Amino acid sequence: MTNSSGAGIRVGVIGAKGRMGAEVCRAVEAADGLRLVGRFDHGDDLGDLGGADVVVEFSVPDAAPANVAHCVARGVHVVVGTTGWDDGRLETLRRQLAEAPPSSTGAPVGVLVAPNFAIGAILMMTFAAQAARFYESVEVIELHHPDKVDAPSGTAARTARLIAEAREQAGAGPVSDATTHDPEGARGARVSGIPVHSVRLRGLVAHQEVLLGNVGEMLTIRHDSFDRASFMPGVIEGVRRVADHPGLTVGLEHYLGLAAP
Ligand SMILES: NC(=O)C1=CN([C@@H]2O[C@H](COP(=O)(O)OP(=O)(O)OC[C@H]3O[C@@H](n4cnc5c(N)ncnc54)[C@H](O)[C@@H]3O)[C@@H](O)[C@H]2O)C=CC1
Ligand SMILES: O=C(O)C1=N[C@H](C(=O)O)C[C@H](O)C1
């Protein structure tokens, strides 16, 4: 995509003072054909978004829907990494997109909501969904830095959802679990029927294990982001390609040819 002035893609970043937003600003400034035109954070007037063609949104779950709606209402494409997009929020966003004005090039607006931009994490989710129907038991353990405000992680919620969908399509039953007494919630959360456990530990960045068990065997699929640099190639790919994907796309796998048919 080039903008109507042919000067490459103008990019705005919301949540620009945060851990991810600051990293995204650096990555955009270093990327060929992208120009950083606006940095926005809590309390800033988003206004015309600095004239951006594409906005990258990494703020907090409670703020992201309004920020994205602001962009969409102005015909600006959005790449969203912020978590918290449950079905209700996604449905509202679909309606907003249906009523949105066209982008500066006249094309319909595109929004990419991606729970995780790291290629390994996307592959982990894909592999977990592929494996899920072959195993009696599946559990997800996500491990993050203790400054994270939401649990379970967006990646874990998405993984559980993909696993549950794959199992349902294959006619696999619920995961085995004889627990009837768990007053402290030691068995974790249930997301789409899949147990999910959240660890918060100083020193960690973003990590996840999917454990799949059968009689006499276990398959472990693990991904580790040791540095937020791991998310940047995916974010930049999203910025470059979001205009070619009108409407709402959930998951970068759809841009990479990795999505299940
Ligand atoms: N999709 C992905 O690959 C990844 C997603 N994330 C998600 O991105 C989000 C941000 O994560 P971090 O950067 O670690 O958090 P952070 O707390 O470091 O940064 C959030 C930033 O948003 C700002 N903010 C708060 N309210 C705002 C508002 N109303 N408008 C604009 N800015 C506002 C804060 O001041 C802060 O600078 C989280 O939901 C996290 O789970 C994080 C890493 C990777
Ligand atoms: O808050 C984080 O750090 C991360 N958030 C995303 C999530 O909740 O899945 C992506 C990654 O795990 C890092």
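Note that ligands are numbered from 1 as they come in the structure, with each ligand's atoms numbered from 1 the same way. Every value quoted in this text rests on a predicted model; they were computed, and no experiment measured them.
For His42, the NE2 atom counts as loosely surrounded, since its 6.0 Å shell holds 12 or fewer non-hydrogen atoms of other residues, nucleotides or ligands.
Of all protein heavy atoms, the one closest to atom 2 (C) of ligand 1 is Pro115 O, 3.5 Å. Of the protein's non-hydrogen atoms, Ser59 CA, 3.4 Å is the one closest to atom 22 (O) of ligand 1. Here the protein heavy atom with the shortest distance to atom 12 (O) of ligand 2 is His144 NE2, 2.6 Å.
Contact annotation: for Ser153 versus ligand 2, heavy atoms closer than 4.0 Å belong to both the backbone and the side chain. At a heavy-atom distance under 4.0 Å, only side-chain atoms of Phe231, from C-beta outward, approach ligand 1. Here Asn116 has side-chain heavy atoms under 4.0 Å from ligand 2, and that is the only part of it that gets that close. Contacts between Pro115 and ligand 2 below 4.0 angstrom, taking non-hydrogen atoms only, involve the backbone exclusively. At a heavy-atom cutoff of 4.0 Å, ligand 2 is contacted by no atom of Glu142, backbone or side chain. Residue contacts with ligand 2 for His145 involve side-chain atoms from C-beta outward but no N, CA, C or O (heavy atoms, distance under 4.0 Å).
Of all atoms in ligand 1, numbered sequentially from 1 with element shown, those under 4.0 Å from a heavy atom of Ile14 are 31 (C). Those atoms of ligand 1 that come under 4.0 Å of a heavy atom in Val60, given as number and element, are 25 (C), 26 (N). Set against the non-hydrogen atoms of Gly18, the atoms of ligand 1 under 4.0 Å away are 18 (O), 19 (O), 21 (C), 36 (C), 37 (O). For ligand 1, the atoms sitting less than 4.0 Å from at least one non-hydrogen atom of Lys148 are 41 (O), numbered in the order shown with element in parentheses. Those atoms of ligand 1 that come under 4.0 Å of a heavy atom in Met20, given as number and element, are 13 (O), 42 (C), 43 (C), 44 (C).
Using a non-hydrogen distance threshold of 4.0 Å, Gly154 does not register as a contact of ligand 1. Contact between Phe40 and ligand 1 is absent, with no heavy atom of the residue lying under 4.0 Å from the ligand.
Look at Arg133 and Glu168 and you find no salt bridge, because none of the NZ, NE, NH1 or NH2 atoms lies under 4.0 Å from a carboxylate O. Remark: Glu237 does not engage Arg240 in a salt bridge, criterion side-chain N to carboxylate O under 4.0 Å. Arg161 and Glu165 are joined by a salt bridge, as a carboxylate oxygen and a charged side-chain nitrogen come within less than 4.0 angstrom of each other. The pair Glu29-Arg26 does not meet the salt-bridge criterion, since no charged nitrogen lies less than 4.0 angstrom from a carboxylate oxygen. Salt bridge Arg190/Asp177: present, at least one basic N to carboxylate O contact under 4.0 Å. A salt bridge between Asp150 and Lys148 is present, with a side-chain N of the basic residue lying under 4.0 Å from a carboxylate O of the acidic one.
An N or O contact shorter than 3.5 Å is missing between Ala206 and ligand 2 by distance. In terms of polar-atom proximity, defined here as any N/O pair under 3.5 Å, Lys148 does make such a contact with ligand 2.
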Next item on the list: Start with the C-alpha gap between Thr220 and Glu209, add the side-chain angles, then the distance that decides, and say whether side-chain hydrogen bond (donor to acceptor under 3.5 Å, both in side chains) holds.
Entry: CA-CA 7 Å; Thr220 304; Glu209 281 187 5; 5.5 Å; no
